[in-house]
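Here is the structure we will look at.
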Amino acid sequence: MTTPYQGPVDLTLPQALLKSAARHGRSMVILEDQTRQPITYDRLVLGAQVLGRVFARQTGQGEAVGLLLPNVNATAVTLFGLLWHGRTAAMLNFSAGQKSILSACTTAGIKLVITSRVFVSKANLEPIIEALSDQVRVVYLEDVRKSLSPLAKLRGVFDKLRAASIIARNGARPSDAAIILFTSGSEGEPKGVVLSHSNILSNIAQIAEHIDLSRFKTFFNPLPVFHSVGMTGGLLLPLIEGIRAVQYPSPLHYREIPKLVGEIKADLLFGTDTFIAGYARAAAPQDLKSVRMIVAGAERVKDETRALWEKYGTEIVEGYGATECAPVVALNTPETNRPGSVGQLLPGIEHRLEPVKGIHEGGRLAVRGGNVMLGYLMPGGDGKLVPPQDGWHDTGDIVTVGDDRFVTIKGRAKRFAKLGGEMVSLGAIEALASGLWPEHSHVAVTINDGRKGERIVLITDQENAARAEMLSYAKQEGVPELWVPKAVMVVDAIPVLGSGKADYAGAQRLVEERSSLL
């Protein structure tokens, strides 16, 4: 029986975890990863006590600590270890490139980054770690484990028994910062999105009232926890709601993931259109038959993708959210699934639509609720929190909202592209091109690319401009390959408005007219 959502939740994440452990049994297996090593609530709490004490000695109350880790059991243990002692976990996007990671550390005032030697080696992150080491202290979980004495482990057992009192003495308040996630700014500099314990737990409560979670036994989460859907939906929600969650370190392993989904008999899967289409194509006949529902976001689910899953009887429900909203704002359900929409606004979310010049249907969506962030940490902002004005978050998306609270996305007002779940700033791509070819003009636009979703095209008046040259320059600048346009179109002149500003609509039309030549 789900308790109706009453507003902001007056608990911290560790308190909610203890409450869930008491409700579902401390011996319940709640977490697994690629290694198939099961973790019970009891073991999760114990590990959090041991690691939490280590990192509490190295940091200050309320300090932001960087986590550069994939979706593995140790990430959840480390996360709760920090939260238990009132620290804030800053989730670093290891796919964002060296420049963005260093910028994120500066913006959030991070002095300590926790990572893993095995992960750094497998992900080829040595150059990033080397650059990070000049700015912050890097600690490896393997080294921490080796340094633990028998006494420290025994103390962890004692701390586990008094875990609630440790929260009361050393922990945060529900309204304090819990997790910082990073989202691209207009020029590619990451902004820190600061979410409180109450923000995240409010969103979990909103989701739990909106959709019946009791029907699911095992979540499979391949979406990285440095993204809000992976963090809230894939990791924290199942921990708090008492559902076994299996974490996987990369959504790109199209052949391996279906096999593991079949082995663990996962009945709920998180993904994007690109990912879930890839899984269905690569799967053996029996691999995906246990999946009853897929929660898909970040990009529109194509009819072709739905057709791929029809043979399994899997319900694909689209949702919509923003990192700033912890993240879910609207969600379809199996009972009220309306393909083409992103579902109904969750309980407890107020909305308003701001008129947009030239848009005759819908408006720019702003939302308010217990799940809306504490605020932004801006690049160059000296760590000052910038809260949403009067609690309202401007999503930057053009939508319609029906009387039944169903939301349909019409377009994005902000100039971002969504590629496989990643938000990529078109302005940052233009700045990259300007750094390479400073004497010329450049405009980045997106076009539909069939099965792959959106594709970024750079229009430039730089003669003989080539993608290979941009790719080489991006690597030199520490910018991720994702930001390099898939195609470069050379023109005599960039379309401009009467004001002298770039005519983005005109550039878009130009690319669409010549798309067959790209």
Side-chain angles (χ1 to χ4, degrees), residues 210-212 215-223 227 229-230 233-234 246 248 250-321 328 330-344 399-400 402 404 406-412 417-422 446-456 486 512 515-516 518:
H210 186 68
I211 190 166
D212 179 13
R215 71 187 86 179
F216 302 109
K217 304 300 180 191
T218 302
F219 282 15
F220 185 88
N221 176 41
L223 301 182
H227 278 174
V229 174
V246 179
Y248 192 83
S250 171
L252 298 172
H253 296 172
Y254 292 110
R255 297 199 177 278
E256 294 85 350
I257 285 174
K259 292 176 186 174
L260 185 55
V261 167
E263 285 177 25
I264 64 176
K265 294 181 170 52
D267 48 13
L268 188 144
L269 172 67
F270 290 92
T272 67
D273 178 81
T274 300
F275 297 148
I276 64 176
Y279 304 152
R281 290 191 185 98
Q286 301 300 308
D287 286 344
L288 301 173
K289 65 177 184 178
S290 65
V291 181
R292 299 171 62 189
M293 189 172 88
I294 294 172
V295 177
E299 52 188 357
R300 184 183 65 83
V301 176
K302 302 180 189 67
D303 292 339
E304 299 91 323
T305 303
R306 293 185 187 276
L308 286 170
W309 283 88
E310 277 180 3
K311 60 187 173 186
Y312 301 110
T314 303
E315 190 86 42
I316 300 175
V317 300
E318 292 186 70
Y320 165 74
V328 186
L331 183 65
N332 277 291
T333 72
E335 294 77 21
T336 58
N337 195 4
R338 190 178 294 177
S341 86
V342 291
Q344 291 173 297
V399 311
T400 60
D404 53 6
F406 270 91
V407 179
T408 303
I409 308 294
K410 295 297 182 181
R412 288 188 290 280
K418 288 185 179 180
L419 304 179
E422 285 279 347
T446 62
I447 59 173
N448 187 40
D449 192 31
R451 290 193 330 198
K452 295 181 180 178
E454 288 184 324
R455 181 160 60 127
I456 298 174
K486 291 296 182 186
E512 288 171 355
S515 61
S516 61
L518 296 174

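We use all heavy atoms of the structure for the numbers below, so side chains are in, but hydrogens, waters and symmetry mates are not.
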With sequence neighbours left out, which residue pairs that include part of residues 251-262 fulfil the side-chain hydrogen bond (donor to acceptor under 3.5 Å, both in side chains) condition? Y248-H253

Shortest non-hydrogen separation from P222 to I257 and the atoms involved: CB-CD1, 4.0 Å

Go through it in stages, so that I can follow the logic: the residues are F270 and I294, the test is side-chain contact (heavy atoms from CB on, under 4.5 Å), and I'd like the CA-CA distance, side-chain angles, deciding distance and then a yes or no. CA-CA 6 Å; F270 290 92; I294 294 172; over 6 Å; no

Side chains of R338 and D404 in contact at under 4.5 Å (non-hydrogen atoms): yes

Got N332 and S341 here, is their nearest side-chain heavy-atom distance under 4.5 Å? yes

Hey, are the side chains of N221 and V246 touching, using non-hydrogen atoms and a 4.5 Å cut-off? no

Do you know which two heavy atoms are closest between Y312 and A283, and how far apart they sit? OH-CB, 4.0 Å

Step by step, work out the side-chain contact (heavy atoms from CB on, under 4.5 Å) result for V317 and M293. CA-CA 7 Å; V317 300; M293 189 172 88; 4.0 Å; yes

Could you walk me through whether L268 and V291 satisfy the side-chain contact (heavy atoms from CB on, under 4.5 Å) test, starting with their C-alpha distance in whole Å, then the side-chain angles of each, then the deciding distance to 0.1 Å, before giving a yes or no? CA-CA 6 Å; L268 188 144; V291 181; over 6 Å; no

For the student: nearest non-hydrogen atoms of G343 and A330, plus distance: O-CB, 3.8 Å

Given V407 and T400, is the side-chain contact (heavy atoms from CB on, under 4.5 Å) satisfied, shown in steps? CA-CA 6 Å; V407 179; T400 60; over 6 Å; no

Between L308 and A280 the two heavy atoms that sit nearest each other are CB-CB, 3.8 Å

Just to verify, what does T333 make a side-chain contact (heavy atoms from CB on, under 4.5 Å) with, not counting sequence neighbours? H210, I211, E335, T336

Could you tell me whether the side chain of I447 reaches within less than 4.5 Å of the side chain of E512, counting heavy atoms only? yes

Answer yes or no: is there a side-chain heavy-atom contact under 4.5 Å between R215 and P334? yes

When you compare the side chain of L260 with that of F220, does any pair of heavy atoms fall below 4.5 Å? yes

Can a side-chain donor-acceptor contact be found between T305 and D273 if the only test is distance below 3.5 angstrom? yes

Do S290 side-chain atoms and G262 backbone N/O form a donor-acceptor pair below 3.5 Å? no

Pairing of K289 and D267 as salt bridge, 4.0 angstrom limit: no

Does any part of the side chain of V342, heavy atoms only, come nearer than 4.5 Å to the side chain of F406, both counted from C-beta? no

Can you classify the ring geometry of Y279 versus F275 as parallel (below 30°), tilted (30 to 60°) or perpendicular (above 60°)? parallel

Strictly by salt bridge (Lys or Arg N to Asp or Glu O under 4.0 Å), give each pair with a member in residues 304-316 just once, sequence neighbours left out. R306-E318

Nearest heavy atoms of A296 and I316, plus distance in Å: CB-CG2, 4.3 Å

Do the non-hydrogen side-chain atoms of L288 and T314 ever get within less than 4.5 Å of each other? no

